[in-house]
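Worksheet: one structure, shown below.
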Amino acid sequence: MKEKNTGTIIRILKLTRPHWKLFAGFTSAIMFTAFLDSLGTYITKLIIDDGILAENLDKVIYYCKLYGIVYLVNSISFFIFIYCAGRLGEWIQYDLREKLFNHIQELSFSFFDKSSTGWLLSRITSDTEKMADLATWMLLDAIWAFFNITIALVFMAMINTKLALIMAIILPLLVFTASKFKTHILGEYRKARKMNSKITAAYNESFTGVKIVKALTREKMNLRNFGGLTGEMYRTSFRAAWLSALFLPAVQLIITLALGAILWFGGWQIQLGELTIGGLRAFIGFITFMLWPIQDLARVFSGMQQSIAGAERVFDLLDTPSDIEEKDGALKQANFKGEVRFENVNFWYKENNPVLNNFNLTIKPGETVAIVGPTGGGKTTIANLLSRYYEPVEGNIYMDECDYRDYTQKALQSRIGVVLQKPHLFSGTVRENIEYGNPDAAFEEIVQAAKAAHSYNMIMSLPDQWKEMVGEEGTLLSQGQKQLISLTRAILANPDILIMDEATSSIDTLTEKNIQHGIEALLADRTSIIIAHRLSTIKDADRILVVENGKITEEGNHNKLLTNKKHYYELYTSQFRKERTAEIVMLK
């Protein structure tokens, strides 16, 4: 455990390497400040012994001027290390958050299946802040304490070797006490950081799912569960705070005993003529001066343990590899004719629970293929594999007869458009959300895409039109409006291959007819895969596949599958009856 802590601290300190000038500036200023502090205390000895007791006014004035100059320079040095430490801390947080954000974006979908949003937010925000504190303010306090004590001992030895020896003997006792407390404090703060992640995740889930919470009247149950988490967090943090608080009195007791020994032995040394009154006064000043950094070790140690606990979790996240690795020499540009081939593909999310089993499929360029079947049959998995959100456990996927692993993920995904059942919009304006499809597009191209998607009239009817704010996740728009913007975004991206994952299943029939025009524009002249819930929307597909238990059980166009009177026929007639019944009820 000790080696792990040391390794974590070293790794945190390596974060300062790109900003070594700031790091060198604040460490040099700290050491110089520590020297000036001790020098100022030593000058008080000279003022008393060589000035006041010797009744030499000139020396009193001289040493007082020197004392003033020392503390003027000390103030400048103090400003330098505070300024450098502050800037260094902000840079470290900036670098860490950028590195974390980039790394998280590179991770595969399987990672997000196992990680909550709250857990990730806690890593990026509070944990990075704790790490930056360790590399700056806590390090600053530790360096300051070390040099204060070391330089003070040197000046003490210059005044009286025997008294300095007493302090040198007492210091290891303080270090031993600190190390004993350190282990226990670290353990409690590790537990506290874990609980903090769970609490953040609970916050996020409750807020994002507020409609379900209220609809199912889960407020009291959520509060009870949340109370359990915060209660455990309180108990863990309380134990850590209690240990930190106990550490301070222990240090004070040892220091008080040392101060008593110095006063007793120092008085005896004065009687023997081996120590001056000014020397004893300086000694007491040095001890008092050393008392602050030693007492502050309690705060530094407790803060350090929090930072180490947080850093371990951040580094674990940064060290998490993506399940999808880029092949050496993978092509960074792609442009497909649109031929897709699955060859003997096997895939599972959990071992021994296959989703696709020896799956084979060939799609011709420009062909529209619809996939239907029961929930859990593997429809969405086919789309996920084609988009390379996951990779086959066994088998291969080819794009234009080329293994799709020969392209980088970015190159591949830039040529594949995806329209989801639940469209996701980002906070911002309508235009900004459409521009996600092609950030370099001119406004005229955006307008043309909107007209092609049949969303132009809808956008023009909004109060602020293109500048209309959509709200977080598009909450200020209806489901149909969000889907139209999503379709416009896809048309603007102009992908070679299009995947539509039940894009109209959560929209009412009237709105679906309006959106269908946009879908037709999107499907034109490109290879398309449609995962359908409403079978009435795929009647014109070139080919319809029925996928059950990871295999294609039926294949053909709409009329052929109806003629076969198998699973597709049952699905279609059942759904047709439900829709007709709903229409009759509405008419009545």
Side-chain angles (χ1 to χ4, degrees), residues 6 9-10 12-14 16 19-46 66-67 69-89 132-161 163-179 182 247-248 251-252 254-255 258-259 262 279 282-304 307:
T6 303
I9 292 173
I10 291 173
I12 293 174
L13 294 180
K14 284 182 178 179
T16 64
H19 315 289
W20 65 269
K21 291 181 180 179
L22 287 172
F23 182 78
F26 99 77
T27 50
S28 300
I30 289 170
M31 290 185 284
F32 188 57
T33 301
F35 170 76
L36 292 176
D37 285 336
S38 292
L39 179 61
T41 304
Y42 185 77
I43 290 173
T44 60
K45 170 193 178 301
L46 299 178
L66 184 60
Y67 186 87
I69 292 170
V70 165
Y71 274 92
L72 177 62
V73 177
N74 196 18
S75 299
I76 297 171
S77 179
F78 192 88
F79 167 80
I80 291 172
F81 80 67
I82 292 293
Y83 171 77
C84 291
R87 283 199 61 190
L88 180 62
D133 282 345
L134 189 148
T136 52
W137 304 113
M138 293 176 201
L139 180 64
L140 181 152
D141 288 335
I143 293 174
W144 198 354
F146 174 77
F147 279 99
N148 266 333
I149 293 169
T150 303
I151 296 171
L153 282 173
V154 172
F155 276 98
M156 285 178 174
M158 289 170 56
I159 297 171
N160 189 285
T161 308
L163 287 177
L165 187 60
I166 293 174
M167 283 302 303
I169 293 172
I170 291 171
L171 283 174
L173 180 61
L174 288 171
V175 174
F176 174 78
T177 303
S179 65
K182 173 185 173 183
F247 176 55
L248 186 59
V251 170
Q252 286 181 326
I254 295 171
I255 289 292
L259 187 58
I262 292 293
F283 247 93
I284 295 171
F286 280 124
I287 294 172
T288 305
F289 193 65
M290 292 166 64
L291 181 62
W292 175 79
I294 292 174
Q295 288 178 333
D296 198 49
L297 286 175
R299 182 187 62 80
V300 173
F301 273 132
S302 66
M304 188 177 292
S307 297

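Predicted, not measured: the structure shown is a model, and the values here were computed from it. Just the heavy atoms: all of them, side chains too, but no hydrogens, waters or symmetry mates, feed the values below.
Leu39 places a side-chain heavy atom less than 4.5 Å from the side chain of Phe155. The side-chain heavy atoms of Thr27 and Phe81, taken from C-beta on, include no pair separated by under 4.5 Å. Side-chain atoms of Leu153 and Met156, non-hydrogen and from C-beta on, do get closer than 4.5 Å to each other. Between Phe32 and Ile80, the closest side-chain pair of non-hydrogen atoms is not below 4.5 Å.
Between Arg87 and Leu22, the shortest heavy-atom distance links the atoms CB-CD1, 4.0 Å. Listed here is the closest heavy atom pair of Leu36 and Val70: O-CG1, 3.5 Å. The heavy-atom pair separating Phe147 from Ala34 by the smallest distance is CB-CB, 3.8 Å. Across every non-hydrogen atom of Ala282 and Ile159, the tightest pair is CB-CD1, 3.9 Å. The shortest heavy-atom contact between Cys84 and Phe26 is CB-CB, 3.5 Å. The shortest heavy-atom contact between Phe78 and Thr33 is N-OG1, 3.9 Å.
The closest donor-acceptor contact from the side chain of Ser38 to the backbone of Phe35 lies at 3.5 Å or more, if one exists at all. The backbone N or O of Val73 lies less than 3.5 Å from no partner atom in the side chain of Ser77, so there is not a single donor-acceptor pair.
Of the inter-residue distances, the one linking Ile151 atom CD1 with Thr41 atom OG1 reads 11.0 Å to the nearest 0.5 angstrom. Remark: Asn148 CG to Ile143 CD1 distance equals 12.0 Å, nearest 0.5 Å.
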